[in-house]
Number of protein chains: 2
Amino acid sequence: MSGLPRLVQPKRDISRREDYLEAIYNLNEEKGYVSAADISDRLGVKPPTVSSMVVNLARKGYLDHERYRGMRLTRSGEKVAKSVIKRHQVISGLISMLGVDDQTAYVDTEGIEHHVHQSTLRRLQKLAEYLRENPDTLKAVLEFLEEK
Amino acid sequence: MSGLPRLVQPKRDISRREDYLEAIYNLNEEKGYVSAADISDRLGVKPPTVSSMVVNLARKGYLDHERYRGMRLTRSGEKVAKSVIKRHQVISGLISMLGVDDQTAYVDTEGIEHHVHQSTLRRLQKLAEYLRENPDTLKAVLEFLEEK
DNA sequence: TATATAAGTTAGACGTATCTAACATGTTTC
DNA sequence: GAAACATGTTAGATACGTCTAACTTATATA
């Protein structure tokens with residue numbers, strides 16, 4: 001028998017749903033409306049995949065959707081999207097600050113963002129904030145980064 | 001049409017495989033051998049799930065496996081496991097350092113670790129290292145964390 | 001050593017996200 | 001306003017990781 005307690009729950013992975021909500025929110029900010037084709041491009045999936053996820057999200061109450069016409073986030077969907085985006089910004093902000101190029105920062109953040117607890121997120125955010133407020137420290141870190 | 005390029009690839013999620021390799025490596029370190037039951041406990045999945053993943057990993061060349069007898073990581077499996085564990089340590093080291101409790105740090109890291117580029121990882125590691133080497137700075141960050 | 005128990009495996013099913021092919025609807029253009 | 005085109009949806013299939021139930025093999029014990 002193992003000496004350690006079980007730490008990890010089986011993964012349920014709601015993260016895909018969050019990806020869609022995030023994309024939908026952002027697209028709406030950028031263009032004022034959201035088309036399935038744009039979601040499809042943004043997330044790199046085919047249109048039918050978008051269709052079925054849209055139905056899924058609508059069923060869950062995150063989205064109002066009128067067949068062949070359009071869609072819009074509900075209050076609840078917007079709320080989730082905003083919190084996902086917040087996480088995204090905190091994390092990608094920190095790793096960008098450390099000199100990771102934007103595209104890498106974006107992609108890494110995509111991978112990370114769904115998995116972090118509030119308390120962890122808050123601390124990472126504070127760390128980023130600290131570095132922003134103390135440019136000398138940030139500079140020292142960045143110099144340290146360059147060494148060897 | 002969307003104004004931004006496609007940034008995200010469809011997720012293939014090799015992360016589950018990495019979780020198993022990590023668990024197998026750690027269990028072997030702890031006990032000197034690895035049983036399916038321990039993997040099952042460690043990862044919170046049922047034994048048949050372990051069986052099928054074991055076959056999967058063996059087919060991929062990460063594991064030598066003798067039916068009903070036992071298993072052992074191959075060189076290649078060990079190499080992957082070590083790199084996963086390395087990532088794990090870097091990230092959980094950093095977030096522990098920020099005062100996140102151990103269990104949360106562990107779980108968050110599980111979520112994060114599969115998704116981070118080498119270059120990002122290296123920078124996070126360096127950041128952690130910097131904070132370790134400059135305890136005054138770390139102290140300042142932690143105090144900043146407590147404010148408000 | 002024979003049997004009971006524990007550990008591991010196979011068979012078969014399910015849910016989720018994805019795909020391609022075919023179809024429906026909406027929009028543009030002559 | 002009809003035809004062509006673009007966009008969105010449905011149908012049906014696939015891959016993956018998971019599960020339960022039933023079975024097999026190994027180990028412990030009486």
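The structure presented is a predicted model; accordingly, all values stated were derived computationally and were not measured. Side chains included, hydrogens not; waters and symmetry mates left out as well; all remaining heavy atoms used. Order of the sequence lines fixes the chain letters, A, B, ..., with proteins taken first and strands second; residue numbering starts at 1 for each chain.
- Of the side-chain N and O atoms in Asn56(A), none sit less than 4.0 angstrom from OP1 or OP2 of dT16(C).
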Please list, for nucleotides 24-28 of chain D, all pairs of protein and nucleotide N/O atoms separated by less than 3.5 Å.
residue : atom : partner  : partner atom : Å
dA26(D) : OP1  : Arg69(B) : NE           : 2.7
dA26(D) : OP1  : Arg69(B) : NH2          : 3.1

Pair Glu22(B)-Arg87(B), salt bridge (charged side-chain N to carboxylate O under 4.0 Å, His left out): steps then yes or no:
CA-CA 11 Å; Glu22(B) 181 179 12; Arg87(B) 271 183 279 166; over 6 Å; no
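- Here Arg17(A) does not reach the OP1 or OP2 of dA17(C): none of its side-chain N or O atoms lies under 4.0 Å away.
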Between Thr49(B) and Ser40(B), is a side chain to side chain contact (heavy atoms under 4.5 Å, CB included) present by the stated rule, with each step listed?
CA-CA 8 Å; Thr49(B) 309; Ser40(B) 165; over 6 Å; no
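- Taking atom CD of residue Glu18(B) and atom P of nucleotide dG17(D), one finds them 12 Å apart after rounding to whole Å.
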Working note: Arg72(A) + Val34(A), criterion side chain to side chain contact (heavy atoms under 4.5 Å, CB included); need CA distance, chi angles, decisive distance, verdict.
CA-CA 7 Å; Arg72(A) 196 169 63 162; Val34(A) 183; over 6 Å; no
Decide side chain to side chain contact (heavy atoms under 4.5 Å, CB included) for His88(A) and Val84(A); before the verdict, give the C-alpha distance in whole Å, the side-chain angles of both, and the deciding distance to 0.1 Å.
CA-CA 6 Å; His88(A) 197 120; Val84(A) 174; 5.5 Å; no
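- Within the 4.5 Å cutoff, no side-chain heavy atoms of Glu78(A) are placed close to those of Thr74(A).
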Does Lys139(A) form a salt bridge (charged side-chain N to carboxylate O under 4.0 Å, His left out) with Asp136(A)? I'd like the steps, not just the answer.
CA-CA 5 Å; Lys139(A) 205 172 151 214; Asp136(A) 292 350; over 6 Å; no
Yes or no on salt bridge (charged side-chain N to carboxylate O under 4.0 Å, His left out) for Glu30(B) and Arg42(B), after CA distance, side-chain angles and deciding distance?
CA-CA 12 Å; Glu30(B) 291 163 26; Arg42(B) 184 64 60 91; 2.7 Å; yes
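- Between the OH atom of Tyr33(A) and the P atom of dG8(D) there is a distance of 10 Å, given to the nearest Å.
- For the pair Lys126(A) and Phe144(B), the distance from NZ or CZ to the six-membered ring centre is under 6.0 Å and the angle to the ring normal is within 45 degrees.
- Each of dT18(C), dC19(D), dT9(C) was ranked by its minimum atom distance to the side chain of Ala36(B); first place goes to dT9(C).
- For dT18(D), neither phosphate oxygen OP1 nor OP2 lies less than 4.0 angstrom from any side-chain nitrogen or oxygen of Thr49(B).
- Remark: C1' of dG8(C) and CG of Asp41(B) are 14 Å apart, rounded to the nearest angstrom.
- Summarising the geometry, atom OH belonging to Tyr62(A) is positioned 11.5 Å from atom CG belonging to Leu73(A); distances are rounded to the nearest 0.5 Å.
- For Pro48(B), taking side-chain heavy atoms from C-beta onward, the closest of the listed nucleotides dG17(D), dT20(D), dT20(C) is dT20(D).
- Where Val50(B) and Ser52(A) meet DNA chain C, the nucleotide closest to each residue was compared, and Val50(B) sits on the side nearer the 5' end.
- Closest to the side chain of Ser51(B), out of dC19(D), dT9(C), dG8(D), is dT9(C).
- Applying the 4.0 Å criterion to OP1 and OP2 of dG8(C), one finds that His65(B) has every side-chain N and O outside that range.
- Closest contact between the side chain of Pro47(A) and the listed nucleotides dC19(D), dT9(D), dT18(C) involves dT9(D).
- Note on the helix from dT1(C)-dA30(D) to dC30(C)-dG1(D): angle between the axes of the first and last five pairs equals 0°, rounded to 10 degrees.
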